[in-house]
Protein chains: 2
Amino acid sequence: MLRRAACRVPSSSANLGPGYDVFSLALAAPSLEVEVELTDSTTDVEVEPMGRYGDRVNRDPGSNSAARAFIELRRRLKRQTGAKIKILANIPVGKGLGSSAAEAVGAVLSASKALGFELRREEVVRLAASVEPGGHADNAAASALGGFNVILQEESGPEFLNFRAPEALGLVVLVPDVEKGSTEIARAHVPKQVTMSEHVEVTSRIAAACVSMLSGDLRTLLKAVSIDPIVERSRAEAGVYGNCSWEELKEEKLKLLRSYGVALTISGAGPSRLLLYDRANSQSVEEGKRPIDLAVNETVASLERRGHKVVEVYWTGPDNSGAVLKS
Amino acid sequence: MLRRAACRVPSSSANLGPGYDVFSLALAAPSLEVEVELTDSTTDVEVEPMGRYGDRVNRDPGSNSAARAFIELRRRLKRQTGAKIKILANIPVGKGLGSSAAEAVGAVLSASKALGFELRREEVVRLAASVEPGGHADNAAASALGGFNVILQEESGPEFLNFRAPEALGLVVLVPDVEKGSTEIARAHVPKQVTMSEHVEVTSRIAAACVSMLSGDLRTLLKAVSIDPIVERSRAEAGVYGNCSWEELKEEKLKLLRSYGVALTISGAGPSRLLLYDRANSQSVEEGKRPIDLAVNETVASLERRGHKVVEVYWTGPDNSGAVLKS
């Protein structure tokens, strides 16, 4: 039997504007790697974080997502084995890019391989999601399955509907130095009630985003995801995304869409910004700069004007493969 | 120049469960026909209804949808001409099957042809919707464009995203003798506020319905559209659909889905019932009856138990052509 297995897991962006708790998208960058090595101990689980954000990863097996996912897998499979879990932590932590879900997915996938056990991808998602705060499956689905994901909440549990995202969809992730606190704190800023007109605006945007994602109609997709009058608005008002009121954020979103055809959304619970654009829309508009270059510059400048720094920029696109075992 | 043109226009079903003000589907049956004959009068518009529901059609040109749409078209084109509008009214009136939108679409299409003027289909929708109560475009979009339609509400006005509906999708329309009053009365029973959990349930169902409609995954589609905890619930509670509480209606929906794989929805503002099923799911389950036969029988029996009569049954499917001019 194998004693060791490793995999690469993409980061992910939940919500995509209006799709709170419904949409997620896997990102080709950043990504992390998880290696699980079974040990002779029957119980001990050791976490060894490395990589760019290794110092931000919790080493305590009771809190670390990868360790918790491993322990849950071991319990379900009724196996007594310890593990050393190495995490090449190259996804920023606490920035709305699904790093904990990616760790959990990576641990489940690598550990099941090392244990000689093949799980269906849906089971990988369910197991990884079960150790996520609130059991939310959006990030786990994207990291495990890749592509564009719709979560259908069923009484029997969530179902994951998984689709390829268009290759022409370009993505830029801007990570500011804003500390939002935990995702659970961000969830507390979701309103308890919404008005019927907000509800209809959001359902209309969600429907348009789904059909245009599947049909590859990027012009409609970017328009549909660019505004979320419910969750993004109320979190912006609560300061979760930094020193930026909803009015200012909305103004910026409308301007980027109108001037450059770029949709500015908040990735998951934030604070990272996810810019979506059409790669075909690359004609330079000003001194050799494409519309997306100008949109990125403006978004960075706007964060800096508000006293924030952009600490990472990822020029990327959808990941349509999901987590991949390394041979 | 032509003096006369006629077209056939499909009926339509708005909402499809959770998609209030967002979804509509064109139905291959019932349908109506509108013939416009230009007259020498510069102003007079005469409405001549015929067909199965001709006696339910308003003959007053100030109230009749086809006449109002014709008058609006004439105004926009700055043409001075009268018309005799014949309507072969074979769509039940006031039953949630979009008969007034179909009349308006038919009048715009036939009149523009008779006037020698070619309108883009989106313009036909916009013009027909402009004479609908509240300017709602869902039924008009389905009748003009056919297929499955998503309405994206934009500040600049609605956009219509139009897709083929799967051929394997079977539909049965049951028209009960319930009188719901006007669509505007039904709209008054839409709640002003919804809870976040209802909102997320509906957005999740809407997203799942869109992706499964486009991918042809009927199992997921039927599950996604089968329940609407917001608008269908509150209209059921207000009695818009007849003597049937939401609890009873929901119980019936869940039973049809579980036992027969059939989704029971209310067509538009009701009271017609739209049953959706997979035509491939046709193996007889009981004395030569298919699951859909049993589901129809149960729905009819349930309406009768509550003192209603089913006055029409249409065994049909999606119409993927939209309104068609007759040569």
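Quick note on labels: first sequence line is chain A, next is B, and so on, each numbered from 1.
For the options B:Val200, B:Ile206, B:Val22, B:Val194, heavy-atom pairs under 4.5 Å to chain A are most numerous at B:Val194.
Using a 4.5 Å cut-off between heavy atoms, B:Val150 contacts chain A through its side chain alone, with no backbone atom that close. Contact annotation for B:Leu161: only side-chain heavy atoms (C-beta onward) come within less than 4.5 Å of a heavy atom of chain A. Of the atoms belonging to B:Ile227, not a single heavy atom falls under 4.5 Å from chain A.
Contacts classified as ring pair (Phe, Tyr, Trp, His ring centres under 6.0 Å) and involving residues 209-240 of chain B (residues at least two apart or in different chains) are not found.
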Using atom types as modelled and no hydrogens or angles, find all donor-acceptor pairs between chain B and chain A shorter than 3.5 Å.
from	atom 1	to	atom 2	distance (Å)
B:Ile151	O	A:Ser204	OG	3.1
B:Gln153	N	A:Ser204	OG	3.0
B:Glu159	OE1	A:Arg219	NH2	3.4
B:Glu159	OE2	A:Lys223	NZ	2.1
B:Lys192	O	A:Met196	N	2.9
B:Val194	N	A:Val194	O	2.8
B:Val194	O	A:Val194	N	2.8
B:Met196	N	A:Lys192	O	2.8
B:His199	ND1	A:His199	ND1	2.9
B:Ser204	OG	A:Ile151	O	3.1
B:Ser204	OG	A:Gln153	N	3.0
B:Arg219	NH2	A:Glu159	OE1	3.3
B:Lys223	NZ	A:Glu159	OE2	2.0

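Inter-residue side-chain proximity for B:Phe148 and A:Val211 is flagged as met; some heavy-atom pair is nearer than 4.5 Å.
Here the closest heavy-atom approach between residue A:Cys210 and residue B:Cys210 is recorded as CB-CB, 3.5 Å.
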